[in-house]
Amino acid sequence: MSKIKLHNSKARRKELFEPIDPSNVRMYLCGPTVYDRAHLGNARNVIVFDVLYRFFREIYGEHNVKYVRNFTDIDDKINQRAKDLGKEIKLITDETIAWYLEDMELLGNLLPNEMPRATNYVAEMIIMIEDLIKSGHAYEAEGHVLFSVASYKDYGALSGRSIEDMIAGARVEIAPYKANPLDFVLWKPSSDDLPGWESPWGRGRPGWHLECSAMSHDLLGDTFDIHGGGNDLIFPHHENEIAQSKCCFPSGGFANFWLHNEMLQVDGKKMSKSLGNYFTVRDLIEKGFPGEVIRFVFLSTHYRKPMDWTELKANQADSTLKRWYDMCSNLEEDLKPSAEAIEVLSDDLNTPAVIALLHKHFQSKNFAQLKADANLIGLMTPEFKDWAFDFDLSKYEEALMEVRSEAMITKNFDHLDDLKDKLSKAGVEIQMSTDTVKLVPTLKLDLAKLESIL
RNA sequence: GGCGGGUUGGCGGAGUGGUGACGCAGCGGAUUGCAAAUCCGUGUACAGGAGUUCGAUUCUCCUACCCGCCUCCA
């Protein structure tokens, strides 16, 4: 079995990955806060983790990997959203979760084994907070419960910061009830118009992202293999998560590996809601970009490098995939992934190298292997359902064939050239040999123009 | 200010202490009524400087520029 190396944020370098238990490999991905459509950046770590999940299933066996991804459905942004729209919170979160699952499925992602929701873990969170207070890692102040950062000596280890530095450079307004400026809120009081749960500290709600600690512990145990998310979560989100989990479950090691993906960018700047430079997965789908094309573009860049979404990349991905599908659609052989594909993927999920390998398979006409290796990273899988062929252009093909036969006899090519020009302008690629005609739709297909031709 | 990451040919994008991936575009050829598609062939790169080394794009240091986190953010 090939050695798997993964970049561990905790160590800041690639490390040899060995599962705690090869018959139960456990991974956790920080899922979305559900108040709005997922933007394209949100899809990146889902795709990265999906590749990791598929890869692990291949290496360790389909039933020996457990993948958990949560939904955070308690959050002040959700509360605000509900207020703005005048809708019930539950309706918003349910709807957003349904959208999210639809969008992620369109990108060819498998469902995780578990998708817990924060609202189902409030009792566990309250117990954790009580334990943290008992062990001196948290304290109550003015109806809030705060985690005491000073009580955890390794606070800052993941993000490489010291408590002193952070205080010195702090730009945060410090609440008066905090013993230390960096202490973070585990529980906060809710007014009557806000969602709340009864607790030893009165009616309130979780303050920080305690749910990830509660859910990962419940579903994966107090030590598991991999925890991941976008690199913007390293601080404070994951730093806090480590602190509260390690202090609450001191016998456990929490996550052995931390995987963080780089940000998706727009014109060199991080795509984010606060900058407003985002578009959603749904926007792209509605503009006609197939999910598989989007996935291909994502996998063309290594997950730890920033990447820009561009239509140029999408168009290239589209034509590449169509060329591949053309040769791979009716294969009888069903191969295993190649040793070479496994090897490059073993080196910190080098998906661009896998894609380069796919091109080589295509060059050498090794189509069965091309498909098998593509499947390994979730491309050309049955879920994508032949989008590359689902548009019928046969009546245009017949018309073109007829006009051409005629032109070949009369030697007057005006009509034929005109037809070809129109098809091309409608976004159709024309492929002709001496006796065949084939039309292939591109992403620039313009239905109005196409229909006006015949 | 603190911490982390990046800078590879026209574009995208891997990787390596010594024989310069891969894709797209380009160029030449085959093919074609002409094109396209296809096939064959082909050129160009490692931000700048210093150091280590027989040899550096790859290691070390410095400089420049870019990006992220430190506030909700994947």
Side-chain angles (χ1 to χ4, degrees), chain A residues 7 9 12 29-33 35-36 38-49 69 72 75-77 80 156 158-162 164-173 182 208-209 228-239 260-265 267-275 278 296-297 299-308 310 312-313 315-317 319-320 322-323 326 344 347 350-360 362-363 404 407-414 416-417 420-421 423-424 428-434 436-440:
Chain A
H7 181 90
S9 306
R12 261 158 265 194
L29 175 64
C30 273
T33 300
Y35 63 102
D36 203 359
H39 68 66
L40 194 60
N42 295 123
R44 194 171 187 190
N45 59 20
V46 177
I47 293 174
V48 170
F49 261 64
R69 182 183 68 211
T72 295
D75 187 279
D76 286 350
K77 285 194 292 295
Q80 188 59 44
L158 179 71
S159 54
R161 303 148 198 253
S162 71
E164 294 70 36
D165 287 347
M166 286 188 274
I167 293 172
R171 298 187 204 158
V172 205
E173 213 175 307
L182 296 177
W208 186 251
H209 291 279
N231 71 357
D232 53 350
L233 294 186
I234 294 175
F235 188 89
H237 191 130
H238 288 159
E239 198 73 71
H260 291 102
N261 60 284
E262 252 295 347
M263 296 293 103
L264 187 75
Q265 305 192 330
D267 298 326
K269 298 272 184 199
K270 174 182 172 182
M271 175 183 280
S272 71
K273 295 210 166 168
S274 47
L275 285 176
Y278 71 95
F296 188 106
V297 170
L299 295 180
S300 302
T301 300
H302 189 263
Y303 77 92
R304 284 193 296 112
K305 288 270 180 81
M307 74 160 270
D308 253 289
T310 63
L312 178 67
K313 288 179 181 174
N315 289 331
Q316 287 183 7
S319 68
T320 301
K322 279 182 181 143
R323 209 169 345 127
D326 209 22
V344 292
D347 184 8
N350 194 342
T351 54
V354 176
I355 289 177
L357 180 62
L358 299 182
H359 283 294
K360 285 183 192 164
F362 185 80
Q363 274 295 322
R404 185 165 84 139
M408 294 296 275
I409 296 165
T410 63
K411 299 293 171 197
N412 180 348
F413 296 98
D414 292 353
L416 178 59
D417 287 342
K420 275 161 63 184
D421 188 54
L423 284 167
S424 169
V428 176
E429 190 179 285
I430 301 156
Q431 301 175 5
M432 296 196 296
S433 70
T434 23
T436 64
V437 165
K438 190 175 175 196
L439 298 179
V440 180

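Convention: sequence-line order gives letters A, B, ...; per-chain numbering from 1.
Taking 3.5 Å as the limit, the base of B:C34 and the side chain of A:Lys420 contain a donor-acceptor pair of atoms between them. With hydrogens and angles ignored, a donor-acceptor pair closer than 3.5 Å exists between the side chain of A:Lys270 and the base of B:C73.
B:G15 and B:G6 have their P atoms separated by 11 Å, with the value rounded to a whole Å. Taking atom C1' in both B:C69 and B:A74, one finds a spacing of 13 Å when rounded to whole Å. B:U19 sits 24 Å from B:C40 when the C1' atoms are compared, rounded to a whole Å. Rounded to the nearest Å, the gap between the P atom of B:C67 and that of B:U42 is 40 Å. Comparing B:A21 with B:U16, their P atoms sit 14 Å apart, to the nearest whole Å. For the C1' atoms, the distance linking B:U57 with B:U8 amounts to 8 Å, nearest Å. Straight-line distance between the C1' atoms of B:A47 and B:C66: roughly 11 Å, to the nearest whole Å. Using atom C1' as the reference point in both B:G49 and B:C65, the two lie 15 Å apart (nearest Å).
Note: CD (A:Gln431) to C1' (B:C34) measures 17 Å, nearest angstrom. In this structure, A:His359 places its NE2 atom 13 Å from P of B:C39, rounding to the nearest Å. Put simply, OH on A:Tyr35 is 11 Å from C1' on B:A74, counting in whole angstrom units. In this structure, CD of A:Gln363 is placed 13 Å from C1' of B:C24, rounded to the nearest angstrom. In this structure, CG of A:Asp308 is placed 17 Å from P of B:G6, rounded to the nearest angstrom. Here B:C3 presents its P atom at 15 Å from CD of A:Glu239, a figure rounded to the nearest Å. Atom CZ of A:Arg323 is separated from atom P of B:A37 by 10 Å (rounded to the nearest Å). Look at CD1 on A:Ile430: it is 14 Å from P on B:U38, rounded to the nearest Å.
Under the 4.5 Å side-chain criterion, counting only non-hydrogen atoms from C-beta, A:Pro306 is not in contact with A:Met263. Between A:Lys270 and A:Asp232 the shortest side-chain heavy-atom distance falls below 4.5 Å. Counting heavy atoms from C-beta on, the side chains of A:Phe235 and A:Arg161 come closer than 4.5 Å. Side chains of A:Leu439 and A:Ile430 form a contact here, defined as non-hydrogen atoms less than 4.5 Å apart. No side-chain heavy atom of A:Asn261 sits less than 4.5 Å from a side-chain heavy atom of A:Asn231.
Across the strands present, B:G41 finds its partner in B:C27; the criterion is a Watson-Crick or G-U wobble pair with both atom distances under 3.5 angstrom. Here B:G17 sits opposite no nucleotide as a Watson-Crick or G-U wobble pair (both hydrogen-bonding atom distances under 3.5 Å). Across every strand in view, B:U53 sits unpaired, with no contact that passes the Watson-Crick or G-U test at under 3.5 angstrom. Using N1 to N3 plus N6-O4 or O6-N4 for Watson-Crick, or N1-O2 and O6-N3 for G-U wobble, each under 3.5 Å, B:C34 pairs with nothing. Applying the Watson-Crick and G-U wobble criteria (two distances, each under 3.5 Å), B:C3 pairs with B:G68. Under the Watson-Crick and G-U wobble criteria, each requiring two contacts below 3.5 Å, nucleotide B:C22 is paired to B:G12.
The phosphate of B:A74 has neither OP1 nor OP2 within less than 4.0 Å of any side-chain N or O from A:Lys273. Here A:Asn45 does not reach the OP1 or OP2 of B:A74: none of its side-chain N or O atoms lies under 4.0 Å away. Note on A:Arg161: every side-chain N or O is 4.0 Å or more away from OP1 and OP2 of B:G1. OP1 or OP2 of B:G33 has not a single side-chain nitrogen or oxygen of A:Arg404 nearer than 4.0 Å. Phosphate contact (OP1/OP2 of B:G23, side-chain N/O of A:Lys313, threshold under 4.0 Å): absent. For the OP1/OP2 pair of B:C72 and a distance below 4.0 Å, the side-chain nitrogens and oxygens of A:Ser274 include no atom meeting the criterion.
Closest to the side chain of A:Ala353, out of B:A74, B:G23, B:A14, is B:A14. Considering only side-chain atoms of A:Asp232, the nucleotide from B:A14, B:C73, B:U32 that sits closest is B:C73. Taking only side-chain atoms of A:Met271, from C-beta outward, the nucleotide of B:C24, B:C39, B:A74 with the closest atom is B:A74. Taking only side-chain atoms of A:Asn350, from C-beta outward, the nucleotide of B:C67, B:G33, B:A14 with the closest atom is B:A14. Checked against B:C73, B:C11, B:G13, the side chain of A:Leu312 finds its nearest nucleotide in B:C11.
Not one N or O on the side chain of A:Gln431 forms a donor-acceptor pair closer than 3.5 Å with the backbone of A:Val437. Remark: side-chain polar atoms of A:Arg304 are not paired, donor with acceptor, to backbone N or O of A:His260 under 3.5 angstrom.
Using a 4.0 Å heavy-atom criterion, one finds that A:Gly41 contacts the bases of the nucleic acid, with or without backbone contacts as well. Using a 4.0 Å heavy-atom criterion, one finds that A:Phe413 contacts the bases of the nucleic acid, with or without backbone contacts as well. In this structure, A:His209 reaches the sugar-phosphate backbone alone: every heavy-atom distance under 4.0 Å involves primed, P, OP1 or OP2 atoms, never a base. In this structure, A:Arg304 reaches neither bases nor backbone, as no heavy-atom distance under 4.0 Å exists between it and the strands shown. Heavy atoms of A:Gln265 sit under 4.0 angstrom from primed sugar atoms or phosphate atoms, though from no base atom. A:Leu29 comes within 4.0 angstrom of nothing in the nucleic acid, heavy atoms only. Using a 4.0 Å heavy-atom distance criterion, A:Asn315 is classed as making no nucleic acid contact. Within the nucleic acid shown, A:Lys411 has no heavy atom closer than 4.0 Å to any nucleic acid atom. The residue A:Leu264 sits close to a base: some heavy atom pair falls under 4.0 Å. Among the heavy atoms of the strands lying under 4.0 Å from A:Leu233 are primed sugar atoms or P, OP1, OP2 only; no base atom is included. At a threshold of 4.0 angstrom between heavy atoms, the contacts of A:Pro352 are confined to the sugar-phosphate backbone, with no base atom among them. Residue A:Ser300 is classed as a sugar-phosphate contact, given heavy-atom separations below 4.0 Å to backbone atoms only. Contact annotation for A:Asp417: base contact, defined as any heavy-atom pair under 4.0 Å involving a base atom.
Salt bridge annotation for A:Asp75-A:Lys77: present, with a cationic side-chain nitrogen under 4.0 angstrom from a carboxylate oxygen. With respect to A:Asp326 and A:Lys438, a salt bridge is recorded, a charged nitrogen being found less than 4.0 Å from a carboxylate O.
Positionally, the nearest nucleotide of RNA chain B for A:Met408 lies more toward the 5' end than for the other of A:Ile234 and A:Met408. Nearest-nucleotide positions on RNA chain B place A:Arg12 closer to the 5' end than the other of A:Arg12 and A:His302.
A:His237 and A:Trp208 have perpendicular rings, their planes meeting at more than 60° on a 0 to 90° scale where under 30° would count as parallel.
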